[in-house]
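Below is one structure; the comments refer to it alone.
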Amino acid sequence: DVLDGAAVVRDGLRVAGIGGIVGDPRKPWRKSPREFTRMARAILRERPDVLLLHGPPEVDGRRGSADVRHALDRSGPVLVACGHAHWSEPLADVRGGAQALNVDARVVILGR
């Protein structure tokens, strides 16, 4: 299943996702900043434990999208797994309670 604006619960873990990146919506796999923010805010109201995104938020000078960061500003506690732009330090706190885990060129295993 593709988690584009949807959430699923597996073994008690609520996982949500938004597909594509922020950009010109006339191009494939892109959403306007407004559409991305609308989808992010809607899915974050469902209080996912993990939010899967293609591109990372811009945070602490690390490469990413300011639009993604803005959409997460009031997210509350959520682990955002993202990639696309490599960060040397993979974990960053995002204003609003989210933590971004950059998984670009990394393997991440989540356990209980």
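Just so we're clear, the structure is a prediction, and the values are computed from it rather than from any experiment.
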| task | Let me see the working for D60 and D93 under side-chain contact (heavy atoms from CB on, under 4.5 Å), right down to the final yes or no. | result | CA-CA 9 Å; D60 295 334; D93 291 325; 5.8 Å; no
| request: Evaluate whether atom CZ of R41 has more than 12 neighbouring non-hydrogen atoms of other residues, nucleotides or ligands under 6.0 angstrom away. | output: yes
| field | Over 12 foreign heavy atoms within 6.0 Å of CZ, R63 | value |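 Not buried by this count: 12 neighbours or fewer within 6.0 Å.
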Spatial distance of atom [atom1] ([X]) from atom [atom2] ([Y]) [nearest 0.5 Å]:
{"X": "I43", "Y": "R14", "atom1": "CD1", "atom2": "CZ", "result": "8.5 Å"}
{"X": "D73", "Y": "R95", "atom1": "CG", "atom2": "CZ", "result": "4.0 Å"}
{"X": "I21", "Y": "D67", "atom1": "CD1", "atom2": "CG", "result": "11.0 Å"}
{"X": "R69", "Y": "E58", "atom1": "CZ", "atom2": "CD", "result": "5.0 Å"}
{"X": "R38", "Y": "R34", "atom1": "CZ", "atom2": "CZ", "result": "10.0 Å"}
{"X": "N102", "Y": "E89", "atom1": "CG", "atom2": "CD", "result": "11.0 Å"}

Which atom of [X] lies closest to which atom of [Y], heavy atoms considered:
{"X": "A7", "Y": "E46", "answer": "CB-OE1, 3.6 Å"}
{"X": "R62", "Y": "A92", "answer": "NH1-CB, 3.2 Å"}
{"X": "G55", "Y": "C82", "answer": "O-CB, 3.7 Å"}

I'd like to know if [Y] and [X] are part of one continuous hydrophobic network [Ile/Leu/Val/Met/Phe/Trp/Tyr, side-chain heavy atoms within less than 4.5 Å].
{"X": "L13", "Y": "L101", "value": "yes"}
{"X": "L72", "Y": "V50", "value": "no"}
{"X": "V108", "Y": "L3", "value": "yes"}
{"X": "L52", "Y": "L91", "value": "yes"}

| task | Determine, stepwise, if the pair W87 / D104 fulfils side-chain contact (heavy atoms from CB on, under 4.5 Å). | result | CA-CA 8 Å; W87 295 349; D104 184 73; over 6 Å; no
| field | Side-chain donor or acceptor of K31 paired with backbone N/O of T37 under 3.5 Å | value | no
| request: Taking ring-ring contact (aromatic ring centres under 6.0 Å, His included) as the test, write out the residues that go with H86, two or more places apart. | output: none
| Out of V15, V78, V8, which residue meets the side chain to side chain contact (heavy atoms under 4.5 Å, CB included) rule with P48? |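 Of the listed residues V15, V78, V8, the side chain to side chain contact (heavy atoms under 4.5 Å, CB included) partner of P48 is V78.
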| M39 and D4, any side-chain heavy atoms less than 4.5 Å apart |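 D4 reaches M39 side chain to side chain.
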| Which is it for H70 and V22 under the side-chain contact (heavy atoms from CB on, under 4.5 Å) test, yes or no, and what are the steps along the way? | CA-CA 12 Å; H70 177 72; V22 177; over 6 Å; no
| Stepwise side-chain contact (heavy atoms from CB on, under 4.5 Å) check, V94 with V80 | CA-CA 9 Å; V94 182; V80 179; 6.0 Å; no
